[in-house]
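Data block below; observations after.
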Amino acid sequence: MVQTEGIRYWRDMRARYNLIGRRCGKCSRVYFPARSICLDCHRHSIGKMDPYKLQGRGTVSTFTIVHDGDPRFGVQVPYILALIQMEEGPRMTAQLVDIDPPQVTIGMRVHTVFRKIGTVHTEGVIHYGYKFAPDSMPHLRA
Amino acid sequence: MRDVAIVGAGTTKFGELWNDSLRDIGIQAGFAAIQDAKIESHDIDALYVGNMAAGRYIAQEHVAALITDYSGLSSRHISATRVEAACASGGVALHNAYLAVASGMYDTVVVGGAEKMTDATDAENTEILAASADAQWETFFGATFPALFAMMARAHMQEHGTTREQMAQVAVKNHAHGALNPNAQFQKEIDLDTVLNAGMVADPLGVFDCSPISDGGSALVLMPLEKALSHTKRPVIIRGSTIATDTLGLHARPKLTSMAATKVAGQRALTQAKKTIADIHLAELHDCFTIAELIALEDLGFVKAGEAGAAVAEGRFHLKGGQMPVNTSGGLKARGHPCGATGIAQVVEAVFQLQGRAGARQVKGATTALTHNVGGSGATVTVHVLEAT
């Protein structure tokens, strides 16, 4: 399979490693992932979308336990995938780690941890990025 | 803009069509529609083909030219266009074919949809389908389609108290309908326990909450209404045809328990058709997962937000004894879901119903139908409102 290898994930490395999104210079709405045009201000935001680093703290909006996953995540299955409402406003899609599925609840506080995400099939190149861990286990904080 | 009518409809059987390639499936569907419309190949001005991912499924791009060629139309050099909008490819193809006839550009247009999915393994299917989400910011982190809809389901359960049993009732209903459809992939009734006890795909969605991997093709022939009556006594008029879009990623939408694009596409289509939701006699809704049918029922206004689960469980949308049957074809769940074909297959079912040729699935006296086709987790939605003559 060549599919996912065609995507050059390294282009997003800086934003993915450092949680760098954008903030609209007109209305202050924060975006992650980065957008070059604000969904509210449209053309008035062009050129005013400044880099903005998220602190990596949020709450679980919703989640699922994936039992039948993308082949790239084979050894991780079952894994917890969640939408995280970040304190700065945007919502992010990421895995939850350092917690058992029955312990996950909507509304629980979580923070980012730096982890391996997956590997490219044939070359074995490892992709890194963020996952989220519960705040209630601070000793695991990255 | 001219009134546009459907004068022919046809479909292949859906399922694992082991002996048929994509071109076989596309041609069979188109031929069935052309025969139904009683037109000749020299009548055809243009072809539109909905197809999601032939390049990845069978390493074949340029699908519109392929189908045109093997339909014997290459010597006529007709206009041919492939349309891709994930699982809404069929519905978006129909909207474009509708515009082509309504505008006066073309008089006779064939619009079809086809997908050949079973040549790929289950793992390849998961990966190919996941490409309809945001590849860099959803799929990269482990999102699959069942996972995205499972997260909507859990949010819906939290916000509205919807239960797994209520979601499972959608699968039970649609399998009961599919059992009456000779072209359905699954022509077998199932009970509630079968759905509830099935293995989990993405919690809270189990195997029987998910539509299958399918091969299949469906097609329609469109004409301006004034010409349609010379081809059929019962043309079906396209009263409303709309597309609405939303953010590609689920995470970027303010609401997780509703699809804004469904609300907008539905309202625009009903306004265009000069109808209200109460005028609809039957609907084919995009039940790629059981939760998706519940959300569609709420967003289109058939029930209030949060009430779809109870309404389905009460039987309000069943063919037998229901007030407004939903997915009489079996829906994506039981009829099957060859992605590019689905938006057209829904309209084929509506046409058969409105022309009184739906056999054991016939909804008596139905004159107005609605079809609803979703791409991705709700980034593209098409709605069509159809009326019998």
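Protein chains get the first letters and strands the later ones, always in sequence-line order, with residue 1 at the start of each.
Summarising the local packing, NZ of A/K53 is surrounded by more than 12 heavy atoms from other residues, nucleotides or ligands at distances under 6.0 Å. Under a cut-off of 6.0 angstrom, the local environment of CG in B/D191 is crowded, with over 12 non-hydrogen atoms contributed by other residues, nucleotides or ligands.
Looking at B/R154, its side chain never comes within 3.5 Å of a backbone N or O of A/T62 through a donor-acceptor pair. Using a distance-only test at 3.5 Å, with no hydrogens or angles considered, no donor-acceptor pair links the side chain of A/Q95 to the main chain of B/G142. At distances below 3.5 Å, at least one donor-acceptor pair connects side-chain atoms of A/T64 with backbone N or O atoms of B/D203. Between the side chain of A/Y9 and the backbone N or O of B/Q136, no donor-acceptor pair lies under 3.5 Å.
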(message) Checking A/L83 against B/L250 for the side chain to side chain contact (heavy atoms under 4.5 Å, CB included) test, could you report, in this order, the C-alpha distance in whole Å, the side-chain angles of both residues, the deciding distance, and whether it holds?
(response) CA-CA 9 Å; A/L83 300 187; B/L250 174 65; 3.9 Å; yes

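Looking at A/Y79, only its side chain comes within 4.5 Å of chain B, counting heavy atoms on both sides. For a residue to count as touching a neighbouring chain, one of its non-hydrogen atoms must lie under 4.5 Å from one of that chain's; by this rule B/E138 touches chain A with backbone and side chain alike. Heavy-atom distances place the side chain of B/T247, and not its backbone, under 4.5 Å from chain A. Residue contact with chain B, scored on non-hydrogen atoms closer than 4.5 Å, involves the side chain of A/F32 exclusively. Looking at A/I117, the atoms closer than 4.5 Å to chain B (heavy atoms on both sides) all sit in the side chain, from C-beta outward.
Counting heavy-atom pairs closer than 4.5 Å to chain B, the top residue among A/V77, A/V66, A/I106, A/L39 is A/I106.
From A/M92, atom CE reaches atom NE2 of B/H251 across 9.0 Å, with rounding to the nearest 0.5 Å. Note that CE of B/M151 and OG of A/S61 are 9.5 Å apart. Values are rounded to the nearest 0.5 Å. Atom OG1 of B/T126 and atom CZ of A/F73 lie 12.0 Å apart (nearest 0.5 Å). Taken from CZ in A/R91 to CG in B/L256, the straight-line distance is 4.0 Å, to the nearest 0.5 Å. Atom CZ of B/F141 and atom CZ of A/R16 lie 6.0 Å apart (nearest 0.5 Å).
Just one of B/L205, B/V207, B/V201 meets the side chain to side chain contact (heavy atoms under 4.5 Å, CB included) condition when paired with A/D68; it is B/V201.
Considering every non-hydrogen atom in both B/A143 and A/L81, the closest pair reads CA-CD2, 3.5 Å.
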